[in-house]
Student: 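So that we are looking at the same thing, I have put the structure below in structure tokens.
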Amino acid sequence: MAGPVPSANGFTAQNPLTRLTLPELRQRTSVKWRRYAPDVLPLWVAEMDVFLAPAVTDALRSAIDLGDTGYAYGTAYAEALGDFAARRWGWNDFRVDRTTVVPDVMMGIVEVLRLVTDPGDAVVVCSPVYPPFYAFVSHADRQVIEAPLGPDQRIDLAALDEAFRRAREYGRRPAFLICNPHNPTGVVHRRDELEAVAELAGRHGLRVISDEIHAPLVLPGTHFTPYLTVAGAENAFALISASKAWNLAGLKAALAVAGPQAAADLNRMPEEVSHGPSHLGVIAHTAAFRAGGPWLDLVLDGLDTNRTLLETLLAKHMPSVRYRRPEGTYLAWLDCTALGIDTGQSDGEPGVVSDVAGPAKMFLDRARVALSSGHVFGTGGAGFVRLNFATSPAILTDAVTRMGRAVDADHPSGG
Ligand SMILES: Cc1ncc(COP(=O)(O)O)c(C=O)c1O
């Protein structure tokens, strides 16, 4: 392992994104590191190349030492999130008794959809968006309706109004699945935007489900607004988890949070859903929200550095690729349309995370860099790639340099 040895409680002030070497990362067995051949730099799926937060590893080690590996119990996870939400986001009326644990955010979304919509009903999403929004919604027999983001990559309220109107034609109980912060653009919706969303949803009679998995990853200079703190969001739901911000996707646990007028719906959640999260997951996520703040701040600093480094690298190696600095998440949404690469299967069904076509395929084949292919994010995604910059500056530099060389080989003039 590179860098200083941890202090007695395991905490050092070093950037967690620079602690693990490439050979160490290649020993990982998760999908990010195993899906592609060993010569590929994986900057695709949303896993971070971090050395875990000592608060989390300490909690897990104690649980293992005690054999505390039974069933999860109690409200510690929700209490830890409530304290974190008050401290970081000023969410002071967070109510533990309006939460329930769910196995993960996507399963939580599906279970909430089952509570507030019926088969055949419409679910509106703002495209381009996290591909499983398409797959999970349609597998739950609901219909996805797209409200494309505007050219500034923010919510287009006129498009949303129109999508909400159409959604009413599908069935009695439509819903809006909002991604806040938005994956893949990294846009963090402002309070005034969310208030406008709540007003529209109220007017058209849609229930709102807010995926806030990236909320702790809002980068310096931007403030996160929890949807449930917005006027008009009283009958909405939020899904929140420590899994993205502390890299705990393999330790399953998340929370569904209901607004005051959604509490009765949440109470109808079938009991077996709360049996899904793993006890070790709940322990890890609780420790993250309770004591993982100093580590998270180091990650946010590292990500802030990387989003600027990426800007510099792109300007140098691929000036025709357009990049808008994300306000949150560790995802960069790169507009590669000027490269003129055939977007191939881009007219196919969105939703299959592993489907690679267009520029992502070119970068995989010629640069040996794995990115997420834009077309799987729905309308507006073709010609884009999503790059995960939660890695070391060295790996990021190597990846973008290789990508630049691949583009130059294709277009010797630099286009
Ligand atoms: C917006 C969004 N929602 C949900 C998930 C998946 O979360 P989980 O593993 O808790 O289902 C991700 C993962 O990247 C995501 O970006």
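Values reported hereafter were calculated over all heavy atoms of this structure, with side chains retained and with hydrogens, waters and symmetry mates removed. Keep in mind the model is a prediction, meaning the values are calculated, not measured. Counting starts at 1 for both ligands and their atoms, in listed order.
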Student: Judging by distance only, is a nitrogen or oxygen of Met106 under 3.5 angstrom from one on ligand 1?
Tutor: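 Yes.
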Student: Check if Cys179 has a non-hydrogen atom at a distance under 4.0 Å from any atom of ligand 1.
Tutor: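 So Cys179 counts as touching ligand 1.
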Student: Within the 4.0 Å heavy-atom shell around Lys244, which atoms of ligand 1 are there?
Tutor: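 It comes down to these atoms of ligand 1: 13 (C), 14 (O).
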Student: What about Phe384 and Phe377, are their ring centers closer than 6.0 Å?
Tutor: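 No - the distance between ring centres of Phe384 and Phe377 does not fall below the 6.0 Å cut-off.
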Student: Residue-level breakdown please: for Met107 versus ligand 1, do any non-hydrogen atoms fall below 4.0 Å on the side chain, on the backbone, on both, or on neither?
Tutor: neither
Student: Give the atom numbers and elements of ligand 1 that come within less than 4.0 Å of a heavy atom of Ala46.
Tutor: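 Once the distances to Ala46 are compared, the set is 14 (O).
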Student: Is it true that His279 and Tyr71 have ring centroids separated by less than 6.0 Å?
Tutor: no
Student: Examine the proximity of ligand 1 to Ile213 and report which part, side chain or backbone, both or neither, has a heavy atom under 4.0 Å away.
Tutor: side chain
Student: Are Trp333 and Tyr130 close enough that their ring centers fall under 6.0 Å?
Tutor: no
Student: Are Arg26 and Trp33 in a cation-pi setup, meaning NZ or CZ lies under 6.0 angstrom from the ring centre and within 45 degrees of the ring axis?
Tutor: no
Student: Of the backbone atoms (N, CA, C, O) and the side-chain heavy atoms from C-beta on, which set of Asn183 has a member under 4.0 Å from an atom of ligand 1: side chain, backbone, both, or neither?
Tutor: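 It is the side chain that touches ligand 1; the backbone stays farther off.
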Student: Keeping to residues at least two apart or across chains, list the salt bridge (charged side-chain N to carboxylate O under 4.0 Å, His left out) pairs with something in residues 378-400.
Tutor: Asp398-Arg402
